[in-house]
Amino acid sequence: MKTLFTELRISILLTIVFAVLLCGAYPLVVWAGAQALFPAKANGSLVVDKDGTVRGSALLAQNFASDKYFQPRASAAGTGYDATSSGGTNFGPTSQKLNDSIKAAVAAYRTANGLAADAPVPADSVTSSASGLDPHISVANALDQAARVAKARGLTLDGVQALVAEFTEGRDLGFLGEAGVNVLRINVALDGGAGAQHAAAK
């Protein structure tokens with residue numbers, strides 16, 4: 001019986017020690033380290049406008065429908081861009097519904113951006129990402145939209161194209177993935193007058 005109580009006491013003490021270490025000290029160290037080394041990422045990569053208002057996270061796409069904004073990839077997450085319901089369409093390459101939706105999206109994209117009826121269209125402009133929350137578009141997609149954005153905002157095309165170049169993010173580690181433009185970041189910059197500043201600089 002004495003052995004039983006000894007082992008029980010040791011078990012209780014170890015449980016308390018590990019609870020303090022793993023449920024208290026360890027998370028605190030990880031949190032403090034993240035706040036010290038990369039606070040922006042640790043707090044959700046929030047994008048703030050010039051007035052200090054949080055406009056969203058650079059990691060999550062959101063819908064921009066107005067002509068004065070660059071528009072993100074289509075989203076099948078929930079009713080669209082729903083961070084609580086991330087997911088794709090789950091349509092396969094033989095799906096007629098997918099084929100029809102892409103054809104319609106290609107025609108709508110060309111019309112919205114003033115492109116010729118036979119102009120090539122970037123794949124990311126007419127398909128949704130696997131998560132439905134991809135915050136980036138390809139550089140080609142951004143450049144196709146530049147003329148529409150410039151016209152809607154009364155800016156020069158050169159100024160908006162320069163802004164696209166400024167907000168183009170290279171490949172991860174220099175070789176992973178493709179270069180892209182973060183839609184939220186560039187739209188917040190446009191609202192802050194960045195496009196006009198580029199035009200003035202020229």
Side-chain angles (χ1 to χ4, degrees), residues 27 30-31 33-35 37-49 53-113 115 120-146 148-149 160 163-191:
V30 171
W31 174 83
Q35 292 296 324
L37 297 174
F38 29 82
K41 291 182 179 180
N43 290 301
S45 298
L46 300 179
V47 176
V48 181
D49 64 19
T53 302
V54 175
R55 296 285 298 275
S57 170
L59 303 177
L60 298 173
Q62 53 183 278
N63 192 24
F64 289 94
S66 171
D67 283 346
K68 69 178 184 176
Y69 290 116
F70 285 92
Q71 295 167 2
R73 296 186 68 170
S75 174
T79 56
Y81 311 100
D82 182 356
T84 67
S85 186
S86 174
T89 62
N90 288 329
F91 293 141
T94 60
S95 168
Q96 186 60 45
K97 188 172 183 179
L98 177 63
N99 185 56
D100 292 343
S101 68
I102 289 177
K103 283 183 177 179
V106 167
Y109 182 83
R110 286 172 174 157
T111 299
N113 294 295
L115 303 177
V121 171
D124 68 294
S125 66
V126 293
T127 58
S128 60
S129 65
S131 68
L133 302 171
D134 188 346
H136 295 87
I137 56 176
S138 66
V139 177
N141 188 352
L143 291 175
D144 278 348
Q145 297 186 51
R148 168 179 52 77
V149 172
V160 176
L163 194 64
V164 170
E166 178 185 337
F167 279 85
T168 295
E169 300 175 10
R171 296 180 174 188
D172 292 334
L173 302 179
F175 68 96
L176 295 175
E178 298 294 334
V181 178
N182 188 286
V183 176
L184 178 59
R185 288 191 190 280
I186 195 170
N187 284 338
V188 169
L190 280 166
D191 282 346

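Please read all numbers here as calculations on a predicted model, not as lab measurements.
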Peer 1: Which distance, rounded to the nearest 0.5 Å, do you find between the CG of L59 and the CG of N182?
Peer 2: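 That separation rounds to 8.5 Å.
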Peer 1: Do F70 and V160 have side chains that get closer than 4.5 Å, going by heavy atoms?
Peer 2: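 Yes, close enough: below the 4.5 Å cut-off.
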Peer 1: Of the non-hydrogen atoms in S86 and S131, which two are nearest, and what is the gap between them?
Peer 2: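 Looking at all heavy atoms of both residues, the closest pair is OG-O, 3.0 Å.
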Peer 1: Working to the nearest 0.5 angstrom, can you tell me the gap between R148 CZ and N113 CG?
Peer 2: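 If I round to the nearest 0.5 Å, the distance is 4.5 Å.
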Peer 1: Does the side chain of I137 come within less than 4.5 Å of Q71's, by heavy atoms?
Peer 2: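 No; the side chains remain at least 4.5 Å from each other.
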Peer 1: From T168 OG1 over to E178 CD, what is the distance, rounded to the nearest 0.5 angstrom?
Peer 2: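 Separation between the atoms: 12.5 Å.
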Peer 1: Are F64 and L184 packed together at the side-chain level, in the sense that at least one heavy-atom pair is separated by less than 4.5 angstrom?
Peer 2: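 Yes - at least one pair of side-chain heavy atoms lies under 4.5 Å apart.
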Peer 1: How would you list, by chain and number, every residue that makes a side chain to side chain donor-acceptor pair (under 3.5 Å) with Y109, sequence neighbours excluded?
Peer 2: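 Y109 satisfies side chain to side chain donor-acceptor pair (under 3.5 Å) with N141, D144 once adjacent residues are dropped.
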Peer 1: Scan residues 92-110 for pairs that pass salt bridge (Lys or Arg N to Asp or Glu O under 4.0 Å), counting only residues two or more places apart or in two chains.
Peer 2: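 Listed once each, the pairs would be none.
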Peer 1: Any idea which heavy atoms bring A76 and G88 closest together, and the distance?
Peer 2: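 Closest approach of A76 to G88, heavy atoms only: CB-C, 3.7 Å.
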Peer 1: Under 4.5 Å between any side-chain heavy atoms of D191 and D49, yes or no?
Peer 2: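 In short, these two side chains do not touch, never coming nearer than 4.5 Å.
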Peer 1: Can you give me the closest heavy-atom contact between A74 and S128, atom names plus distance?
Peer 2: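 Between these two residues, the closest heavy atoms are O-CB, 3.1 Å.
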Peer 1: Side-chain contact, heavy-atom cut-off 4.5 Å: S45 with S57?
Peer 2: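 Contact flag for S45/S57 side chains = yes.
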Peer 1: Return the CG to CG distance between L98 and N90, rounded to the nearest 0.5 Å.
Peer 2: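 One gets 11.0 Å once the value is rounded to the nearest 0.5 Å.
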Peer 1: I need the R185 CZ to E166 CD distance, nearest 0.5 Å.
Peer 2: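 Going from CZ on R185 over to CD on E166, the span is 12.0 Å.
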Peer 1: Keeping the roles fixed (side chain from R171, backbone from L176), state whether a donor-acceptor pair exists under 3.5 Å.
Peer 2: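 Flag not set: sc R171 to bb L176 has no pair under 3.5 Å.
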Peer 1: Where do Y69 and R55 come nearest, in terms of heavy atoms and distance?
Peer 2: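 Answer, listing the atom of Y69 first, then R55: OH-NH2, 4.3 Å.
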Peer 1: Nearest 0.5 Å, please: how far is CD1 in I186 from NE2 in H136?
Peer 2: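 With rounding to 0.5 Å, NE2 (H136) is 11.0 Å from CD1 (I186).
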Peer 1: So do L190 and K68 actually touch side chain to side chain, heavy atoms under 4.5 Å?
Peer 2: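 Not in contact.
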Peer 1: Please, which pairs that meet salt bridge (Lys or Arg N to Asp or Glu O under 4.0 Å) have at least one residue in residues 126-142, sequence neighbours excluded?
Peer 2: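 Sorted pair list: R73-D134.
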